[in-house]
Amino acid sequence: MTNRLLTHLRHVDLAVPDYDKQLDFYAGVWGLTKVAEDSGISFLAAEGSPEQYVIRLRKAEEKRLDLVSYGAGSPADVDTLAEQLLAGGVQLISQPGKVETPGGGYGFRFFDVDGRTIEVSADVEVRQHRKIEEKESIPVKLSHVVLNSPDLGRTREWYETHLGFRLSDTLSSPHMGEVMHFMRISNQHHSMAIAKGPHTSLHHVSFEMRGLDEYMRGSGRVMRAGFKKVWGPGRHMAGDNTFTYFLDPHGNTVEYTTELEVLDEDTWHPHVYDFSQPEVTDQWGTANPMNELVAKESFNDVDRGVFVAPPV
């Protein structure tokens with residue numbers, strides 16, 4: 001496994017046909033702040049995050065996941081990772097160089113094993129951010145992203161081999177086998193998870209709230225606004241974090257969460273949890289039951305925009 005060169009999740013970029021509705025949702029009821037916009041592209045920040053933006057929206061004819069962006073510790077780490085990926089047969093989209101999005105920096109893009117575009121960058125200018133106040137129910141930061149893959153094992157192995165992710169926990173069941181791997185690049189339980197799905201797509205994007213009260217207030221605000229609640233409120237066993245999942249106006253699943261587990265990486269051993277047990281999916285027992293219909297909501301549409309990369 002490669003040395004860990006990634007530090008954290010920066011942003012998730014979405015292409016959407018209903019650009020105005022999506023922008024109204026994320027900059028309105030969801031609680032992000034629009035920091036830049038130019039000809040059908042907008043950049044949205046979380047007020048408590050030093051990242052220049054956590055969501056980018058791009059107007060397009062077809063819905064897709066444009067890219068997932070991660071941070072690296074230094075430009076030297078960016079160069080090292082690019083060299084390692086090339087040596088490992090990974091297809092680069094661009095060579096390391098100046099990043100032209102808000103905050104600048106030094107980075108490059110490449111395809112993962114499922115054909116998604118991944119970006120890694122360093123030296124991005126820190127955004128002026130602030131402490132989120134008590135009862136202020138807006139996202140503090142981007143928490144994690146979950147990706148659907150039709151080949152769970154292959155995708156997990158690729159991220160471990162090429163990007164230094166480590167397995168934190170797995171969800172499994174007697175009749176379905178392994179269905180989700182929680183992957184980390186720090187002591188945060190997961191920055192990314194891989195879900196077993198019928199096709200390559202975005203499963204969900206998760207946003208960290210200040211605390212339990214703010215998480216519940218935010219969940220209630222989105223519910224009152226009439227957006228579809230898929231699942232929650234509840235508390236997962238894997239990661240020990242709270243969850244309420246909603247659909248954005250174009251059917252992407254988004255989550256409010258808080259209190260995601262912080263691990264002692266020196267002593268941590270991955271668990272395999274049986275997600276057919278109700279206390280595994282929701283320790284509190286407050287969420288609507290997890291069933292096939294709920295699970296299918298996050299399969300999302302087939303992401304036709306991805307490049308079909310050869311196995312590596």
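This is a predicted model, so every value here is computed, not measured.
Counting only heavy atoms from C-beta outward, the side chains of Arg56 and Ser42 never approach each other to under 4.5 Å. Contact annotation: the side chain of Ile118 approaches that of Tyr159 to within less than 4.5 Å [non-hydrogen atoms, C-beta and beyond]. A 4.5 Å side-chain heavy-atom check between Arg64 and Arg58 finds at least one atom pair inside the cut-off. Leu14 places none of its side-chain heavy atoms less than 4.5 Å from the side chain of Lys63. Under the 4.5 Å side-chain criterion, counting only non-hydrogen atoms from C-beta, Met183 is in contact with Ile194. Residues Glu61 and Pro17 form no side-chain contact, since every pair of their non-hydrogen atoms from C-beta on lies 4.5 Å or further apart. Side-chain contact between Ser121 and Val78: absent, with no pair of heavy atoms (C-beta onward) separated by less than 4.5 Å. Residues Leu86 and Leu92 meet the side-chain proximity criterion, which asks for heavy atoms closer than 4.5 Å.
For Gln128, the CD atom is loosely surrounded, since the number of other residues' heavy atoms within 6.0 Å does not exceed 12. In this structure, Lys229 places its NZ atom where more than 12 heavy-atom neighbours from other residues, nucleotides or ligands lie under 6.0 Å away. The environment of Arg224 atom CZ is sparse: at most 12 non-hydrogen atoms of other residues, nucleotides or ligands sit within 6.0 angstrom. Surrounding CD of Glu157 are at most 12 heavy atoms belonging to other residues, nucleotides or ligands under 6.0 Å away.
In the hydrophobic clustering of ILVMFWY residues, with side-chain heavy atoms under 4.5 Å counting as a link, Tyr106 and Val120 come out together. The hydrophobic cluster containing Val254 also contains Tyr19, counting ILVMFWY residues as joined when their side-chain heavy atoms lie under 4.5 angstrom apart, directly or transitively.
Side-chain atoms of Glu136 come within 3.5 Å of backbone N or O of Glu133 as a donor-acceptor pair. Judged purely by atom type and a 3.5 angstrom limit, Asp282 has no side-chain atom pairing as donor or acceptor with the backbone of Gly234. Side-chain atoms of Asp240 do not come within 3.5 Å of backbone N or O of Glu261 as any donor-acceptor pair. Between the side chain of Glu125 and the backbone N or O of Glu51, no donor-acceptor pair lies under 3.5 Å. In this structure, Trp268 contributes its side chain and Ser168 its backbone to a donor-acceptor pair below 3.5 Å. Judged by distance alone, with hydrogens and angles left aside, the side-chain atoms of Thr242 form a donor-acceptor pair with the main-chain N or O of Thr258 at under 3.5 Å. Formation of a donor-acceptor pair under 3.5 Å by the Glu214 side chain with backbone atoms of Gly211 is found in this model. For the pair Asp18 (side chain) and Lys21 (backbone), a donor-acceptor distance under 3.5 Å is absent. With hydrogens and angles disregarded, no donor-acceptor distance shorter than 3.5 Å links the side chain of Ser49 to the backbone of Ala46. Remark: the backbone N or O of Arg116 is not paired with any side-chain donor or acceptor of Asp114 at under 3.5 angstrom.
Centroid-to-centroid, the aromatic rings of Tyr215 and Phe207 stay 6.0 Å apart or farther. Aromatic pair Trp231/His236: centroids less than 6.0 angstrom apart. In this structure, the ring of Phe275 has its center no less than 6.0 angstrom from the ring center of Tyr273.
Taking CG of Leu85 as the start and OG1 of Thr161 as the end, the distance is 11.0 Å to the nearest 0.5 Å. Put simply, CG on Asn252 and NE2 on His203 are 12.0 Å apart, with the number rounded to the nearest 0.5 Å. Note: Asp301 CG to Asn148 CG = 11.0 Å, rounded to the nearest 0.5 Å. Atom OG1 in Thr33 sits 8.0 Å away from atom CG in Leu44 (nearest 0.5 Å). In this structure, NE2 in His271 is found 12.0 Å from CG in Leu171, a value given to the nearest 0.5 Å. With rounding to the nearest 0.5 Å, the separation of CZ in Phe246 from CD in Glu255 is 10.5 Å.
Side chains of His189 and Asp169: a donor on one and an acceptor on the other come within 3.5 Å. In the model, Gln52 has no side-chain atom that pairs as donor or acceptor with a side-chain atom of His11 under 3.5 Å. For the residue pair His181 / Thr170, a side-chain donor-acceptor distance below 3.5 Å is found, with atom types taken as modelled. No donor-acceptor contact under 3.5 angstrom links the side chains of Asp303 and Ser201, judged on distance only. A donor and an acceptor atom, one from each side chain of Glu119 and Ser69, are located under 3.5 Å apart. One side chain, Thr257 or Asn241, offers a donor N or O that lies under 3.5 Å from an acceptor on the other. Counted by atom type alone, Thr244 and Ser219 present one or more donor-acceptor pairs between their side chains at under 3.5 Å.
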Open item on the list: Under the criterion salt bridge (charged side-chain N to carboxylate O under 4.0 Å, His left out), I'd like the reasoning laid out for Glu178 against Arg156: C-alpha separation, chi angles, the key distance, then a yes or no.
Closed with: CA-CA 12 Å; Glu178 294 179 340; Arg156 170 192 161 183; 5.1 Å; no
Evaluate the criterion side chain to side chain donor-acceptor pair (under 3.5 Å) for residue pair Ser149 and Asp151; output intermediate values, then yes/no.
CA-CA 5 Å; Ser149 172; Asp151 192 333; 6.0 Å; no
- Task: Please lay out, stage by stage, how Tyr245 and Tyr256 fare under the test side chain to side chain contact (heavy atoms under 4.5 Å, CB included).
- Result: CA-CA 7 Å; Tyr245 298 93; Tyr256 279 157; over 6 Å; no
Run the numbers on His162 and Val90 for side chain to side chain contact (heavy atoms under 4.5 Å, CB included), then give the verdict. CA-CA 9 Å; His162 294 292; Val90 174; 3.8 Å; yes
(message) If you apply the rule side chain to side chain contact (heavy atoms under 4.5 Å, CB included), what do you find for Leu65 with Asp13, and how did you get there?
(response) CA-CA 6 Å; Leu65 172 63; Asp13 297 8; 6.0 Å; no
Original post:
Can you check side chain to side chain contact (heavy atoms under 4.5 Å, CB included) on Val205 and Ile55, steps first, answer last?
Top reply: CA-CA 10 Å; Val205 185; Ile55 291 288; 4.3 Å; yes
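Pro270 and Leu167 get closest at one heavy-atom pair: CG-O, 3.4 Å. Shortest non-hydrogen contact noted between Arg184 and Arg4 is O-NH2, 4.2 Å. Closest non-hydrogen pair, Leu147 versus Leu202, comes out as CD2-CD1, 4.3 Å. Across Val222 and Val29, no two heavy atoms sit closer than the pair CA-CG2, 3.9 Å. For Asn300 against Gly251, the heavy-atom pair with the smallest separation is OD1-O, 3.9 Å. For the residue pair Gly232 and Asn288, the shortest heavy atom distance occurs at N-OD1, 3.1 Å.
In summary, Arg210 and Glu47 do not engage in a salt bridge, as defined by a charged side-chain N under 4.0 Å from a carboxylate O.
Each of Phe108, Phe110, Phe165 was scored for a ring-ring contact (aromatic ring centres under 6.0 Å, His included) with Tyr70, with one residue passing: Phe165.
Checked against side chain to side chain contact (heavy atoms under 4.5 Å, CB included), Asp213 has the following partners two or more places apart in sequence or in another chain: Lys135, Arg217.
Val140 belongs to a hydrophobic cluster whose remaining members, ordered by chain and number, are Ile132, Ile138; membership requires side-chain heavy atoms of ILVMFWY residues under 4.5 Å apart, directly or through intermediates.
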